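Everything on this sheet refers to the single structure shown next.
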There are 2 protein chains.
Amino acid sequence: MSEEHEGRSVRLGDRVPDLAGLQLLLAVARLGSLGGAARELGISQPAASGRIRSMERRLGLALVDRSPRGSRLTDSGALVTDWARRIVEAAEAFDAGAEALRGRRDSRLRVAASLTVAEYLLPGWLIALRRGRPDTAVSLQAGNSTMVAERLLAHEADLGFVEGPAVPPGLGAAVVAQDRLVVVVGAGHPWAKRRRPVPAAELATTGLILREEGSGTRQVLDAALAPHGGLAPPLLELASTTAVKAAVVSGAGPSVLSELAVGEELAAHRLVKVPVEGVRLRRDLRAVWPTGHRPTGPARDLLSLTRRPPGPGGAAQSSGPREA
Amino acid sequence: MSEEHEGRSVRLGDRVPDLAGLQLLLAVARLGSLGGAARELGISQPAASGRIRSMERRLGLALVDRSPRGSRLTDSGALVTDWARRIVEAAEAFDAGAEALRGRRDSRLRVAASLTVAEYLLPGWLIALRRGRPDTAVSLQAGNSTMVAERLLAHEADLGFVEGPAVPPGLGAAVVAQDRLVVVVGAGHPWAKRRRPVPAAELATTGLILREEGSGTRQVLDAALAPHGGLAPPLLELASTTAVKAAVVSGAGPSVLSELAVGEELAAHRLVKVPVEGVRLRRDLRAVWPTGHRPTGPARDLLSLTRRPPGPGGAAQSSGPREA
DNA sequence: ATGAGGGCATAAGCTGGGCTGATGAGTGAG
DNA sequence: CTCACTCATCAGCCCAGCTTATGCCCTCAT
């Protein structure tokens, strides 16, 4: 079984245009003119023209129909532009995240967040915040729940996000999202065709592909399966979520992963979700703040972006933010 | 109401490293060594070292801890690398799609696909196909159902994908996915807090933000609401899904969009899904082939990648591929 | 202890992709 | 007819990033 072939295929940079080129293409699509797009991006018209041309040459595709009164995307160009938009959106999330990570301690909004939130949710919120309040400087510190609590109580952070069952003492909290864990297998695995849910007891006795002891996901899984005899010895223990996903995709066995981590793989059917019954595999993601210090100003702005509609059946928590 | 501020913020290329840099970072993360990553990417060690350094300078973040016996990611670096991975994955999808689009007519596998499939699903399938069968040359033609049927019947395509309620005559079909349409509103909209489902009749009388007449999504919506008095005059009619999303996010009103198109926005709570009752807003996405010409070879490989587990309650269609 | 080997940094020199600015040509409106 | 808009082409420049060569640091095995 040779499943360590994770070597990245070819250099993408040779075939995929750079971000500036993709942004230029999006601008052309939106404005209907090379010159207009050039103006928007602050470059000269010949630069835009040449750049699009070189993208077309590299891709071997006609992207834009030029005419003396403007430019429109070709059919191929429209499709390519849609794919390009996904790259640019991911780049925007990267940029927003990096800016927050770099943010100085004297930012107007200092956020301390657990890893899951920082990795998957916060960049999107920051983009939204940037649109609504363009000049809110945000700084981000990522760490575990203990660290988040420390920062908040020492007034070194204005708003925190934690994951897991317990709210650290001294903090008020509101659930902003739920991280659902799902059982996944590769498309070729027997469970992939399974219609009837896997009982918790069976899951507990099945060898899984997991991250090492100590990861948040694994803790939830441990707790959830404790009443069913606890977790069986893992089939494989890997160091990163990425490695786990790769192993599962290649059919090495089932795993339990955050829905946030496998959204794309599920959509593309690279992974298959297996229904499970008799066990509640989810954990709350909460915004937290020092008791009594109800978030105001920028912190309140961000918090309001994260508010999600109350999930069906999730009446345990209060419907509005409530002090703990 | 100033809702035409869709102007792209800043040039991302200035702050987000280029794809080669991001791939290099991923390789360093995976291999634990600058030199090793350099070797994998076919560049010299000083090039890798300098490149990482320049990324760190540009981002204002320490990404890598160098030591005389290797390099490990810093905490910031780990987070940045996670965000970088999303960009690279989007770039891989772009690359796979572009390669298929460019594919010559004499490719071993000629695919004709409807726009929704080509845009959202096919790139992922192609990536998976590339991993499993690295030297299958795929060509892609995107168009509507009629065009897909024509290509297949003229033997100019080996496998097709269509969306919508009807299978074109002369074709065998298998459902490979469902495109669920969801009612969405911006986070500030009154419906965002709504717990009780919106009845179909109310949806039918509400002004929505939609694409122009003729779009696939709108046809489904039209048909689904016909028994409830038909669609009310749209609040706003826009030319692209992107424009519709932007308007909805900015709170202009509700819309009905493909779940495939709004996955990211839902995850980040930029959009909120509104439950609806009394109307079935979904359409099947089907693989199709000329009756009797059951897919074989590369077409069969691709088809098997697209097979999804039978959805709960979806017993109407056969569970295996079946001739129409 | 000492040399080999792997890891990283620095320096010098080259190359080319991509930019600007000027210019020309096609099209449609007034 | 002329203006205003579009895009293409050309010449020249610049700098980001590459390679090769070298040196330092650390560890491990002899």
Side-chain angles (χ1 to χ4, degrees), chain A residues 8 10-74 77 81 84 91, chain B residues 8 10-74 77 81 84 91:
Chain A
R8 284 284 166 255
V10 194
R11 290 187 302 268
L12 287 171
D14 294 347
R15 299 196 300 208
V16 179
D18 60 25
L19 284 168
L22 299 178
Q23 279 192 291
L24 175 62
L25 184 61
L26 296 187
V28 170
R30 181 156 33 86
L31 300 174
S33 139
L34 290 184
R39 264 189 306 276
E40 179 172 288
L41 299 188
I43 61 177
S44 68
Q45 173 266 320
S49 177
R51 224 181 156 99
I52 295 281
R53 183 173 301 284
S54 95
M55 287 174 53
E56 292 181 310
R57 194 162 15 90
R58 265 230 272 262
L59 290 174
L61 292 171
L63 301 177
V64 167
D65 258 344
R66 292 121 163 118
S67 91
R69 49 179 208 294
S71 296
R72 282 185 50 76
L73 295 180
T74 62
T81 302
Chain B
R8 285 282 167 255
V10 194
R11 289 186 304 266
L12 287 172
D14 294 346
R15 298 196 301 207
V16 179
D18 60 25
L19 284 168
L22 298 178
Q23 279 192 290
L24 176 62
L25 184 61
L26 296 187
V28 171
R30 180 155 34 84
L31 300 174
S33 136
L34 291 182
R39 246 170 282 130
E40 179 171 287
L41 299 189
I43 61 177
S44 68
Q45 172 266 319
S49 176
R51 220 173 158 94
I52 295 282
R53 182 173 302 284
S54 95
M55 288 174 52
E56 292 181 310
R57 195 159 17 88
R58 266 230 272 260
L59 291 173
L61 292 171
L63 300 177
V64 167
D65 256 345
R66 291 120 161 121
S67 91
R69 51 179 207 293
S71 297
R72 283 183 50 75
L73 295 180
T74 62
T81 302

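What you see is a predicted model; the values in this text were computed from it and never measured. Residue numbers begin at 1 in each chain, while the letters A, B, ... track the order of the sequences.
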- Those residues at least two apart in sequence (or on a different chain) that pass side chain to side chain contact (heavy atoms under 4.5 Å, CB included) with A/E56 are A/I52, A/A62, A/L63, A/V64, A/R66
- Message: Please determine whether a side-chain nitrogen of the Lys or Arg among A/D18 and A/R51 lies less than 4.0 Å from a carboxylate oxygen of the Asp or Glu.
- Response: yes
- Mind running a 4.0 Å heavy-atom check of residues 45-62 of chain A against DNA chain C and sending the residues that fall below it, in number order? A/P46, A/A47, A/R51
- Message: Base, sugar-phosphate or nothing for A/S33? Non-hydrogen atoms, less than 4.0 Å.
- Response: sugar-phosphate
- Specify the closest pair of heavy atoms between B/A47 and B/I43, including all atoms of both residues, with the distance to one decimal. CB-CD1, 4.1 Å
- Between B/S49 and B/L34, the two heavy atoms sitting closest are CA-CD1, 4.1 Å
- Task: Would you please name every residue forming a side chain to side chain contact (heavy atoms under 4.5 Å, CB included) with A/A91, sequence neighbours left out?
- Result: A/L19, B/L12, B/V16, B/I87
- Query: First contact, last contact: which nucleotides of DNA chain D are these for chain A, 5' to 3', heavy-atom distance under 4.0 Å?
  - Reply: D/dT6 to D/dT9
- Message: Treating primed atoms plus P, OP1 and OP2 as sugar-phosphate and everything else as base, which nucleotides of nucleotides 25-30 of chain C get B, S or - for protein heavy atoms under 4.0 Å?
- Response: -BSS--
- Task: Check whether any side-chain nitrogen or oxygen of B/R66 sits under 4.0 Å from OP1 or OP2 of C/dG6, and answer yes or no.
- Result: no
- Task: In whole angstrom, give the distance that lies between atom CG of B/L34 and atom P of C/dT10.
- Result: 12 Å
- Item | CZ on A/R72 to OG on A/S33, rounded to 0.5 Å | 13.0 Å
- Query: Expressed in angstrom and rounded to an integer, what is the separation of A/R39 atom CZ from C/dT20 atom P?
  - Reply: 14 Å
- Task: Please list, chain by chain and in numerical order, all residues satisfying side chain to side chain contact (heavy atoms under 4.5 Å, CB included) with B/T81, sequence neighbours excluded.
- Result: B/L25, B/L26, B/A29, B/L73, B/R85
- Query: Is there a side-chain contact between B/Q45 and B/R39, using heavy atoms and a 4.5 Å cut-off?
  - Reply: no
- Item | Value in whole Å for how far the C1' atom of C/dG7 lies from CG of B/D65 | 14 Å
